[in-house]
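This report concerns only the one structure given below.
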Amino acid sequence: MQPIVERERNYWEEHEEFDWLSDGSKLEVIRRLPSPRGDVLELCCGSGMFTVHLPRTYVSITGLDIAQSLLNTLAEKAPHIRTVQGNAEELEFPD
C-alpha cells in the first residue's frame with residue numbers, strides 16, 4: 001500500500017463518523033443526481049454521509065471505503081447496504 005494511502009487508512013480508522021454537510025445540503029446534492037438503478041458501487045463512502053440518503057431505486061448497493069471503522073458506522077445506520085473495506089484505486093470488482 002502506498003504511504004499516503006496507508007496514512008489515510010490509519011487516520012480514518014480512529015474515527016467512526018465522517019460528515020461535513022447539513023442534512024438539507026446532503027439531500028440537495030442527492031436530488032441533483034440521477035436516481036441510481038441496478039447494482040450501485042459507491043467508492044469512498046465513509047460512514048454513509050450521502051449513502052443513507054439515496055432513494056431506494058437500486059437493486060443493491062455496496063459501499064467501499066478504506067477505513068473499517070467508518071464502514072462499521074455505515075452498517076449500523078443502513079444494514080441493507082453491503083460494505084467492503086478496500087482501496088478505490090485497486091478495485092476488485094468486475095466492470
Side-chain angles (χ1 to χ4, degrees):
M1 194 176 289
Q2 297 173 0
I4 193 168
V5 173
E6 182 67 21
R7 185 172 45 250
E8 287 300 302
R9 187 189 65 77
N10 291 336
Y11 174 83
W12 286 108
E13 284 297 350
E14 304 213 357
H15 296 78
E16 294 179 356
E17 188 74 48
F18 176 76
D19 198 344
W20 50 274
L21 284 176
S22 68
D23 283 345
S25 294
K26 291 176 212 167
L27 292 172
E28 182 63 31
V29 169
I30 296 295
R31 274 194 286 274
R32 293 170 185 241
L33 299 174
S35 291
R37 303 265 186 248
D39 297 309
V40 175
L41 172 62
E42 182 181 357
L43 303 178
C44 307
C45 66
S47 57
M49 184 173 85
F50 291 108
T51 317
V52 298
H53 296 287
L54 289 175
R56 293 201 181 182
T57 56
Y58 47 80
V59 173
S60 70
I61 186 164
T62 300
L64 178 131
D65 199 88
I66 199 163
Q68 187 62 51
S69 61
L70 296 177
L71 293 172
N72 292 344
T73 301
L74 174 56
E76 289 176 20
K77 291 180 189 177
H80 65 283
I81 295 173
R82 177 180 172 228
T83 60
V84 175
Q85 183 179 17
N87 182 346
E89 295 180 341
E90 298 171 3
L91 296 176
E92 295 187 21
F93 294 91
D95 289 340

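This one's a predicted model, so the numbers in the text were calculated from it and none came from an experiment.
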Distance in Å, Glu42 CD paired with Arg82 CZ, rounded so as to fall on 0.5 Å steps: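 Rounded to the nearest 0.5 Å, the CD-CZ separation comes out at 14.0 Å.
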Point-to-point distance, once rounded to the nearest 0.5 Å, from NE2 of His80 to CZ of Arg56: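 One finds 3.5 Å between NE2 of His80 and CZ of Arg56.
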Is it possible for you to say whether [X] and [Y] belong to one hydrophobic cluster, with membership spreading through side-chain heavy-atom contacts below 4.5 Å?
X	Y	result
Leu33	Leu21	yes
Val29	Val40	yes
Leu70	Ile61	yes
Trp12	Phe50	yes
Val84	Leu74	no

Under 3.5 Å side-chain donor-acceptor pair for Gln85 and Glu13: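 Present: a donor and an acceptor within the cut-off.
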If I compare all heavy atoms of [X] with all of [Y], which pair ends up nearest, and what's the gap?
X	Y	result
Leu54	Pro36	CD2-CG, 4.4 Å
Trp20	Met49	NE1-CE, 3.1 Å
Leu71	Cys45	CD2-SG, 3.7 Å
Ser60	Asp39	OG-OD1, 2.6 Å
Glu28	Arg32	OE2-NE, 3.1 Å
Thr57	Arg37	CB-NH1, 2.9 Å

Passing option when Lys77 is tested against Asn72, Thr51, Val52 for side chain to side chain contact (heavy atoms under 4.5 Å, CB included):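 With Lys77 as partner, Asn72, Thr51, Val52 yield a single side chain to side chain contact (heavy atoms under 4.5 Å, CB included), made by Val52.
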Asp19/Lys26 under side chain to side chain contact (heavy atoms under 4.5 Å, CB included): CA gap, chis, key distance, verdict: CA-CA 10 Å; Asp19 198 344; Lys26 291 176 212 167; 2.8 Å; yes
Residue pair Thr73, Phe18: steps toward the side chain to side chain contact (heavy atoms under 4.5 Å, CB included) verdict: CA-CA 10 Å; Thr73 301; Phe18 176 76; over 6 Å; no
Chi angles and distances behind the side chain to side chain contact (heavy atoms under 4.5 Å, CB included) call for Thr62, Phe93: CA-CA 11 Å; Thr62 300; Phe93 294 91; 4.3 Å; yes
Within 6.0 angstrom of Ile4 CD1, more than 12 heavy atoms from elsewhere: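 Counting other residues, nucleotides and ligands, CD1 of Ile4 stays at 12 neighbours or fewer.
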Side chain to side chain contact (heavy atoms under 4.5 Å, CB included) assessment of Leu64 paired with Leu91: CA-CA 9 Å; Leu64 178 131; Leu91 296 176; 4.2 Å; yes
Polar side-chain atom of Ser69 near backbone of Glu16 as donor-acceptor pair, under 3.5 Å: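 No: the side chain of Ser69 does not pair with the backbone of Glu16.
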